[in-house]
Amino acid sequence: MTHKIPTIGFISLGCPKALVDSEQIITRLRAEGYAITPSYREADLVIVNTCGFIDSAVKESLEAIGEALAENGKVIVTGCLGADGEVIREAWPHVLAITGPQATEEIMTVVHHHLPPQHDPHTNLIPPGGVKLTPRHYAYIKIAEGCNQQCSFCIIPNLRGKLVSRPIGEIMTEAENLVTAGVKELLIVSQDTGAYGVDQKYRCGFWNGRPLNTRLTSLAKALGELGVWVRLHYLYPYPHIDKLISLMAEEQILPYLDIPLQHASPAILKAMRRPGSSEKLLERLADWRRQCPVLTLRSTFIVGFPGETEQEFEQLLDFLRSAKLDRVGAFAYSPVEGAAANTLPGAVSEELKQQRLEQFMTVQAEISATRLAEKTGQTLTVLVDEVDNSGMAIARSTADAPEIDGVVYIENGSHLTIGEFTEVMITASNEHDLEGQVIT
Ligand code: SF4
């Protein structure tokens, strides 16, 4: 007699931190013998991991829940939007259960209740690195949950709570398992990566019997020993970030700093409840580049924040022109329900926000194009992400994080394999990407 394997549909929305939550839930489900399917109809029930960061993400999450209910009927909701269960219950009262983010145990209890597992040792086999939703050669590792900052435009601390750092030994074991499973690049994420360990008072943990402080510099150093690329994301501009630069200069971790600055005007930064004076920051950037000339600087900014005058916007553009950052993302300010910034005076009209966004992106496009053009003629190590039928390989250099940055197109790349490191000579560039030839 054969039993149908209990099968779960999984929809994962939101940022890499939510993706890591999804991976942890799927790893547990697979370990207990559940099959995972992208189809609602083949599934016995569906889990939707939601995002609640901005209003458009809330809308997308609610639509995904509605679609899963219409197609399947049995839906469990988890993730950031689940922290505010009322919004979901009002829109979709018939969901089976709602949990907040990082709730693998709760989710498993609900799944067991509605769809008991079958105990089959053959389906208990899972890869040593757990189940990953990313390609085999790179993986995100979430090192902490929550955030102790209070940026006025953000409700993440309300949704995900105060900072809770994972034990350093647990992170290192996960990283080791991933490397054993073939991962070539570890992407370190959390809401506020620079704050790692603060809540633990930097206490001493252990990895393979070796003492390690619960601190970002110790973690970065230890990860650097694993012999793969280590890329740090979402570093709030704390003073101690400076200490990471020497690790980058010594090639222990990738020379890549993802540091969301959000604005450059002191008045707007104050209204955002963020630190910073643009002059000091420019000095710090210059110093970082002096210490590590190959450093790639990535940042994000918000334009049209309440109270942003023409002069403050110009100040931001001036900063951009002086800082010459390599990679920049920008958003027109959009109010998020429950955020403190919603009560600030001086709302900027939608039309003006869009105009400023365009102007901002035009200024940055020129800077990015110049920065990338400087790489023509250089030899770069790249990691191959894709090889298409025409023989074109798509790879990334140390300056390119997956999904958010540019890529390196390699025309003579048919012999390359995905997940392989190779050396390329850069032959051309535009404002996003590079082109190169494999050096034989
Ligand atoms: S650092 Fe600021 S923007 Fe980032 S999660 Fe914390 S409160 Fe939100």
Side-chain angles (χ1 to χ4, degrees), residues 13-21 49-58 61 79-84 100-102 140-166 187-200 216 231-241 244 257-277 281 284 297-308 316 325 327-344 401 404:
L13 303 170
C15 63
K17 284 134 322 196
L19 186 80
V20 172
D21 284 358
N49 188 2
T50 57
C51 174
F53 185 45
I54 51 174
D55 286 353
S56 59
V58 172
S61 295
C80 276
L81 190 61
D84 183 8
Q102 268 221 316
Y140 294 95
I141 298 186
K142 185 157 61 170
I143 60 169
E145 187 56 73
C147 180
N148 289 348
Q149 302 300 335
Q150 294 197 318
C151 304
S152 61
F153 52 82
C154 179
I155 54 165
I156 295 275
N158 303 347
L159 296 177
R160 296 199 163 224
K162 290 262 182 208
L163 179 83
V164 180
S165 302
R166 288 176 63 198
L187 300 126
I188 306 305
V189 296
S190 72
Q191 251 71 47
D192 181 8
T193 300
Y196 175 70
V198 171
D199 56 310
Q200 306 290 321
L216 188 60
R231 195 184 294 280
L232 305 181
H233 282 289
Y234 314 124
L235 292 154
Y236 189 88
Y238 296 110
H240 70 259
I241 294 307
L244 294 168
L257 208 57
D258 174 8
I259 187 157
L261 298 170
Q262 313 300 9
H263 213 280
S265 142
I268 297 296
L269 285 168
K270 193 167 172 218
M272 286 178 166
R273 299 188 193 149
R274 306 253 325 169
S277 110
L281 197 55
R284 277 176 91 190
L297 284 162
R298 154 168 265 281
S299 192
T300 49
F301 294 88
I302 297 172
V303 300
F305 192 75
E308 185 192 62
L316 174 59
L325 304 170
R327 304 287 191 189
V328 169
F331 304 92
Y333 171 74
S334 125
V336 180
E337 211 183 311
N342 298 357
T343 58
L344 291 174
I404 51 175

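Numbering of ligands and ligand atoms starts at 1, following listing order.
- Near Q191, meaning under 4.0 Å from any of its heavy atoms, are these atoms of ligand 1: 5 (S).
- Between the side chain of T50 and the main chain of L81, a donor-acceptor pair closer than 3.5 Å is present.
- Between H240 and Y238, the ring planes lie parallel to each other; the angle is under 30°, not in the 30° to 60° tilted range.
- Applying the 4.0 Å criterion to heavy atoms of P157 picks out, from ligand 1, the atoms 7 (S).
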| said: The test is side-chain contact (heavy atoms from CB on, under 4.5 Å); show your working for L187 and H233 and say whether it passes. | reply: CA-CA 7 Å; L187 300 126; H233 282 289; 3.6 Å; yes
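- For the pair I143 and L216, the minimum side-chain heavy-atom distance is below 4.5 Å.
- Here R231 does not pair with D258 in a salt bridge; the nearest charged N to carboxylate O distance is not below 4.0 Å.
- Counting only heavy atoms of the protein, atom 2 (Fe) of ligand 1 lies nearest to C151 SG, 2.3 Å.
- Counting protein heavy atoms only, atom 8 (Fe) of ligand 1 is closest to C154 SG, 2.3 Å.
- Coordination check, C147 versus atom 6 (Fe) of ligand 1: passed, since an N/O/S atom of the residue sits under 2.8 Å.
- Contacts of F153 with ligand 1, taken as heavy-atom pairs under 4.0 Å, involve the side chain alone.
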